[in-house]
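The basis for the numbers below is simple: all heavy atoms, side chains too, and nothing from hydrogens, waters or symmetry mates. Start at 1 with the first residue, then count along the sequence. Note that the structure is predicted; figures quoted are calculated from it, not measured.
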Amino acid sequence: MHSNNLEIQHDLSPWCLVYKDGKVKRLIGTETVPPSPADPETGVTSKDVVIEPEAGLSARFYMPKPTNPNQKLPLLVYFHGGAFFVQTAFSPLYQKFLNSIASQANAIVVSVDYRRAPEHPLPIGYDDSWAAVKWVVSHSGGNGEEEWLRDFADFGRVFCGGDSAGANIAHNMAIRVGLFGLDGNQLKGIFLSHPAFSGEEPIGTEVAKVDGRALVEKLWRFACPNSAGLDDPFMNPATDLNFSSLGCDKVLVVIAERDFFKDRGWLYYEELRNNGWGGEAERVFLSK
């Protein structure tokens, strides 16, 4: 019987539907595109690489058009958004965006295809992302089998970034770097584009967005079923006793005026400046 004919157990519209038999129907973010040997707009080359076959963990790599073959390039490990439920590293949205990032920043980009909830509940997505970060830096010093990393990446300029749920992941990767180190390497900085953070007590414009807050909590509890709630340090950095140990020197927070999480982005920036972290933080506000 087709899933559409089964009873819906969890309606997580507009992201996905979960049926009583456990099947998941994603409503958005299902389209994929292949990598390109040369993007016609940017000249960026992309390819797909398997990181952990057993886990099904992979990534899409982006290499900018070479200008100086002897120059080592900065390295960005990117995590896509999608509420932890939808989109992939192979979505056309991210193919176009990361072609542009690789070209304009003249950087190698590794877009991680972490496993998604609800089939793989958090913290699996965080653990996949951490495995990918460690695999990437294992190529420093001329090690590893992936030549784009081994031969062309500057491991003195490693960054993590992401949007929405992916920005949440990027922050949590920096926390892990601060706590556990990175095999002798350093994380230079992170950039968080409209990061998906929350908390039990509403702040700012959240006070009036009762339905939106209820949906965020529903999504979070379903994505991370063993979580105690929105004050989980994964979701609310302000409650994390390790926040000041963030393992990077620079943080860029991009806040969108119409984004539901905008007040959390402002709070995150302020907390960075006041919690004893000691790095350099910058915020960019995008108005409508």
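- Using a distance-only test at 3.5 Å, with no hydrogens or angles considered, no donor-acceptor pair links the side chain of N99 to the main chain of K96.
- Criterion: ILVMFWY side-chain heavy atoms under 4.5 Å apart, direct or through other members. Under it, V251 and Y269 are not part of a common hydrophobic cluster.
- By the 4.5 Å heavy-atom criterion applied to side chains, Q186 and V158 are not counted as neighbours.
- Residues H80 and Y114 form a side-chain contact, since some pair of their non-hydrogen atoms from C-beta on lies under 4.5 Å apart.
- With values rounded to the nearest 0.5 angstrom, T32 atom OG1 is found 11.0 Å from Q87 atom CD.
- Within a 6.0 Å sphere centred on CD of E201, heavy atoms belonging to other residues, nucleotides or ligands number 12 at most.
- Within the 4.5 Å cutoff, the side chain of M235 has no heavy atoms near those of the S227 side chain.
- F90 is not connected to W15 by any chain of hydrophobic side-chain contacts under 4.5 Å among Ile, Leu, Val, Met, Phe, Trp and Tyr, and they are in different clusters.
- Of all non-hydrogen atoms in C248 and A174, the two that sit nearest each other are SG-CB, 4.3 Å.
- Between L75 and V136 there is a side-chain heavy-atom pair separated by less than 4.5 Å.
- Here the side chains of W266 and R283 are in contact, with some heavy-atom distance below 4.5 Å.
- Between R26 and P118, the shortest heavy-atom distance links the atoms NH2-CD, 3.9 Å.
- The shortest side-chain heavy-atom distance between L17 and D11 falls under the 4.5 Å cut-off.
- A donor-acceptor pair is defined here as one N or O able to donate and one able to accept, closer than 3.5 Å; such a pair exists between the side chain of S91 and the backbone of T88.
- Here the closest heavy-atom approach between residue L73 and residue P64 is recorded as CD1-CG, 3.7 Å.
- Atom CD of E270 and atom CG of N275 lie 11.5 Å apart (nearest 0.5 Å).
- Both L182 and F79 belong to a single network of hydrophobic side chains, linked directly or stepwise wherever heavy atoms of I, L, V, M, F, W or Y lie under 4.5 Å apart.
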### Task
Would you check, one step at a time, whether the test side chain to side chain contact (heavy atoms under 4.5 Å, CB included) holds for L215 with L219?
CA-CA 6 Å; L215 179 58; L219 289 168; 4.0 Å; yes

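- Residue R116 comes nearest to F84 through the heavy atom pair CB-O, 3.5 Å, listed as atom of the first residue, atom of the second, then distance.
- Contact record, T45 with P37: OG1-O, 2.7 Å, taken as the closest heavy-atom pair.
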Run the side chain to side chain contact (heavy atoms under 4.5 Å, CB included) check on F155 and H139 step by step: do they pass? CA-CA 9 Å; F155 287 93; H139 289 76; 3.9 Å; yes

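- Side-chain contact check for D39 and T42: at least one donor-acceptor pair (N or O, by modelled atom type) lies under 3.5 Å.
- Listed for the N185 side chain is a donor-acceptor partner under 3.5 Å among the backbone atoms of D183.
- Both L12 and I28 sit in one connected hydrophobic cluster of ILVMFWY residues. Membership requires side-chain heavy atoms under 4.5 Å apart, directly or through other members.
- Using a 3.5 Å distance cut-off with no hydrogens or angles, the side chains of N172 and N168 do pair a donor with an acceptor.
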- Task: Please report the C-alpha distance between V112 and L57 in whole Å, then the side-chain angles of each, then the deciding distance to 0.1 Å, and finally whether the side chain to side chain contact (heavy atoms under 4.5 Å, CB included) criterion is met.
- Result: CA-CA 8 Å; V112 179; L57 177 60; 4.1 Å; yes

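- You'll find the ring centres of F243 and Y268 inside the 6.0 Å limit.
- Side-chain contact between V216 and F261: present, with at least one pair of heavy atoms (C-beta onward) separated by less than 4.5 Å.
- Counting heavy atoms from C-beta on, the side chains of D154 and I108 never come closer than 4.5 Å.
- I101 belongs to a hydrophobic cluster whose other members, connected by ILVMFWY side-chain contacts under 4.5 Å either directly or through intermediates, are V44, Y62, L76, Y78, L93, Y94, F97, L98, V109, F159, F191, L252, V254, V284, L286.
- Taken to the nearest 0.5 Å, the CD1 atom of I190 stands 8.0 Å off from the SG atom of C160.
- Atom NZ of K72 has more than 12 neighbouring heavy atoms from other residues, nucleotides or ligands inside a 6.0 Å radius.
- When every heavy atom of S36 is checked against every heavy atom of Q95, the shortest pair comes out as N-NE2, 4.0 Å.
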- Start with the C-alpha gap between L187 and M173, add the side-chain angles, then the distance that decides, and say whether side chain to side chain contact (heavy atoms under 4.5 Å, CB included) holds. CA-CA 10 Å; L187 181 63; M173 294 305 98; 5.7 Å; no

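- Between the CZ atom in F285 and the NZ atom in K262 there is a gap of 5.5 Å [rounded to 0.5 Å].
- Counted by atom type alone, D231 and T239 present zero donor-acceptor pairs between their side chains at under 3.5 Å.
- Classified by interplanar angle (parallel below 30°, tilted 30° to 60°, perpendicular above 60°), the ring pair F197/H171 is perpendicular.
- Linking Ile, Leu, Val, Met, Phe, Trp and Tyr whenever their side-chain heavy atoms come within less than 4.5 Å puts V77 and F61 in one cluster.
- With rounding to the nearest 0.5 angstrom, the NZ atom of K25 is 10.0 Å from the OG atom of S13.
- Among residues at least two apart or in separate chains, salt bridge (charged side-chain N to carboxylate O under 4.0 Å, His left out) pairs with a member in residues 44-54 are K47-E146, D48-R60.
- Salt-bridge annotation for E217 and R221: present, with a side-chain N of the basic residue lying under 4.0 Å from a carboxylate O of the acidic one.
- Looking at R213, its side chain does come within 3.5 Å of a backbone N or O of G199 through a donor-acceptor pair.
- Other residues, nucleotides and ligands contribute at most 12 non-hydrogen atoms within 6.0 Å of the CD atom of E145.
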